[in-house]
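Just so you know, these numbers come straight off a predicted model, no measurement behind them. Numbering of residues begins at 1 and proceeds along the displayed sequence. Heavy atoms only: backbone and side chains are in, while hydrogens, waters and symmetry mates are out.
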Amino acid sequence: MKKSLYLFLLLVLLTQINYAQPKDTACQARISVITCAPGEELYELFGHTALRIVDSVLGTDVLYNWGTFDFDTPNFYTKFMRGKLLYFVSTDKPDDFLYIYNAEGRSVYEQVLNLNCNEIKQILQAVAYNMQGDNRFYKYDFLFDNCTTRIRDIVLQSNKNISVTKNIVPPGTTFRDMIHYYLDRGSQPWSKLGMDILLGLKTDKPVTNSQAMFLPEYFMKGLNLAADNKKPLVKQTIPLLLPLPKQESTGIYTPLIFLGIICVVIFLISLSPANWAKKFMGLADALLLYVSGLLGLLILFMWFGTDHIACSNNFNIAWALPTNFIAAFFLGKKPLWLKNYFTAAAIINAILLVSFFWLPQNLNIAVAPVILLMLNRYLNLSMQIRMRGQKFK
């Protein structure tokens, strides 16, 4: 009897000890992806992504943001230009975070993820690792390593069985196509021209499903299409802020019209035999060579002098010849060697025009009239130097 009583008491004691053990609260955490709509400024134009982790047991609600940088960083603008500026993950309170987007009239959506205990732990461990020391910092790359791709990798790598089987974008869509969509929608035609001049061949490669999620809204779409077998990754989508009505995009072809008119006017002036027209064309030729040469030097710098992968292998250098900057200094004296230089430049521009729509890189249509004008000027300058050489023989 005593033996049975002792066994009963021991069983009760072990049960109480088991209940007294601290419970693992990690599995009760709620993890969400926050997607913010684009804003009006260029740096806001592509939207934003954050990760929200709510632990009801610990009473915490934290937003993790991988899009933070420090303006007080030494040589900030130099590092930013060269692609060497370090971004880092920071934390924020949801109310403080939403206040800014509410003031700007930008929508914010929360996708609550449908995760099991192991997946939650994997994400929490990844976030904790990213918050430790130098792990917080990373070298930002707009296409391949940004505030959205960091969260994409953390979420999708929590379970290797998670996959996106349907296409997020139509087959053949490139990085440039996706960037153009936002620039056109945000009425940024001049920014579009500038980015097209600086971005090289890599942006014209078709994106995979994973690569398409480098932009917040497409990551949001990818999460809605993601599943582990038949279990959807997103449990619930909650609109935290609704968007304000916005005007439709305008002025998409403004650079083409503006540059086209300027090129036509310069061409018509070049046909005039008047002295003022000749003086004007002398200044115009020098300006064309200086500006195109400086653009070419900038393209070379972005290609070889920075860590911006997307700026490499840039076909724009075929019309924005860096050597034009040197040729401009000799334009007044017109040495005979310039004839061969301008002839070679004309051939390059002619080939570029003929193959304009078949190049592996998509050149902005607004540069077409500039290339045509420069072809005309190269031929005229080559002929002027040849005639001048014959005159002195």
Side-chain angles (χ1 to χ4, degrees), residues 42 46 78-85 138-146 148-149 169-184 188-215 218 255-256 259 289 291-327 341 344-372 374-375 378:
L42 181 59
F46 301 96
T78 302
K79 289 181 179 178
F80 181 81
M81 185 71 174
R82 297 188 63 196
K84 296 182 181 295
L85 181 66
Y138 71 101
K139 195 163 59 175
Y140 182 92
D141 184 284
F142 178 62
L143 299 183
F144 304 108
D145 196 358
N146 61 38
T148 300
T149 63
V169 294
T173 301
T174 65
F175 286 110
R176 196 185 300 272
D177 293 332
M178 299 177 72
I179 294 170
H180 280 181
Y181 168 74
Y182 282 89
L183 292 169
D184 290 341
Q188 297 274 355
W190 289 102
S191 297
K192 179 180 176 180
L193 173 61
M195 292 183 73
D196 276 345
I197 290 175
L198 293 180
L199 294 175
L201 184 60
K202 289 184 182 293
T203 54
D204 291 283
K205 293 184 177 180
V207 297
T208 63
N209 259 348
S210 177
Q211 290 173 334
M213 291 187 277
F214 82 102
L215 291 172
Y218 287 96
L256 174 62
L259 293 176
L289 290 174
V291 173
S292 61
L294 285 172
L295 270 178
L297 291 172
L298 177 60
I299 291 170
L300 274 182
F301 171 74
M302 297 299 293
W303 185 342
F304 296 103
T306 75
D307 292 338
H308 296 295
I309 301 173
C311 294
S312 61
N313 304 320
N314 193 339
F315 278 60
N316 282 291
I317 205 167
W319 65 268
L321 294 169
T323 47
N324 279 357
F325 186 74
I326 299 173
Y341 174 80
I347 293 171
I348 293 172
N349 274 27
I351 293 173
L352 190 62
L353 277 174
V354 171
S355 58
F356 192 90
F357 295 104
W358 291 275
L359 292 170
Q361 178 179 328
N362 183 5
L363 300 185
N364 195 295
I365 189 63
V367 304
V370 177
I371 298 173
L372 187 59
M374 294 188 71
L375 170 61
Y378 287 143

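In terms of modelled atom types and a separation under 3.5 Å, the side chain of Asn316 and the main chain of Asp196 share a donor-acceptor contact. Arg176 places a side-chain N or O within 3.5 Å of a backbone atom of Gly200 that can act as its donor or acceptor partner. Side-chain atoms of Ser355 do not come within 3.5 Å of backbone N or O of Trp358 as any donor-acceptor pair. Here the side chain of Asn324 pairs no donor or acceptor atom with the backbone of Val291 at under 3.5 angstrom. Judged purely by atom type and a 3.5 angstrom limit, Asn314 has no side-chain atom pairing as donor or acceptor with the backbone of Trp303.
Ring orientation note: the planes of Phe46 and Tyr182 are tilted relative to one another, at an angle of 30° to 60°.
Here the NZ atom belonging to Lys84 is positioned 9.5 Å from the NE2 atom belonging to His308, to the nearest 0.5 angstrom. For the atom pair OG1 of Thr203 and CG of Asn313, the computed distance is 10.5 Å after rounding to the nearest 0.5 Å. A distance of 11.0 Å separates CG in Leu363 from CG in Leu193, rounded to the nearest 0.5 Å. Distance check: Ile347 CD1 to Leu375 CG gives 10.5 Å after rounding to the nearest 0.5 Å. Distance check, rounded to the nearest 0.5 Å: CD1 of Ile197 to NZ of Lys192 gives 12.5 Å. Here the straight-line distance linking atom SG of Cys311 with atom CG of Leu298 works out to 8.5 Å at 0.5 Å rounding.
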Checklist entry - Stepwise, does the side chain to side chain contact (heavy atoms under 4.5 Å, CB included) test hold for Leu143 with Ile179? => result CA-CA 10 Å; Leu143 299 183; Ile179 294 170; 4.1 Å; yes
Item to check | side chain to side chain contact (heavy atoms under 4.5 Å, CB included) between Leu215 and Phe142, worked out | outcome: CA-CA 9 Å; Leu215 291 172; Phe142 178 62; 4.3 Å; yes
Checklist entry - Going through the distances and angles, do Tyr378 and Ile348 end up as a side chain to side chain contact (heavy atoms under 4.5 Å, CB included)? => result CA-CA 10 Å; Tyr378 287 143; Ile348 293 172; over 6 Å; no
Item to check | Worked verdict on Tyr181 versus Thr173 for side chain to side chain contact (heavy atoms under 4.5 Å, CB included) | outcome: CA-CA 11 Å; Tyr181 168 74; Thr173 301; over 6 Å; no
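With contacts defined as side-chain heavy-atom distances shorter than 4.5 Å, the pair Leu294/Phe325 qualifies. For the pair Trp319/Leu295, a side-chain contact is recorded, criterion being any heavy-atom separation below 4.5 Å from C-beta on. At least one side-chain heavy atom of Pro369 sits under 4.5 Å from a side-chain heavy atom of Leu256. Residues Leu198 and Phe301 fail the side-chain proximity criterion, which asks for heavy atoms closer than 4.5 Å. Counting heavy atoms from C-beta outward, Phe356 and Leu372 have side chains that stay 4.5 Å or more apart. The side-chain heavy atoms of Asn362 and His180, taken from C-beta on, include a pair separated by under 4.5 Å. In this structure the side chain of Tyr218 never reaches within 4.5 angstrom of the side chain of Val207, judged on heavy atoms.
With a 6.0 Å radius and a threshold of 12 heavy atoms from other residues, nucleotides or ligands, Lys202 has its NZ atom at or below the threshold.
Here the shortest heavy-atom pairing between Pro360 and Asp204 reads O-CB, 3.5 Å. For Phe214 against Asn146, the heavy-atom pair with the smallest separation is O-ND2, 3.1 Å. When all heavy atoms of Leu259 and Ala366 are compared, the closest pair comes out as CD1-O, 3.6 Å. Residues Thr306 and Met302 approach most closely at OG1-O, 2.7 Å, considering heavy atoms. The two residues Pro322 and Leu297 have their closest heavy-atom pair at CB-CD2, 3.9 Å. Pairing each heavy atom of Gln188 with each of Leu42, the nearest pair is NE2-N, 4.2 Å.
Taking the six-membered ring where the residue is Trp, the centroids of Phe175 and Phe144 are separated by under 6.0 Å.
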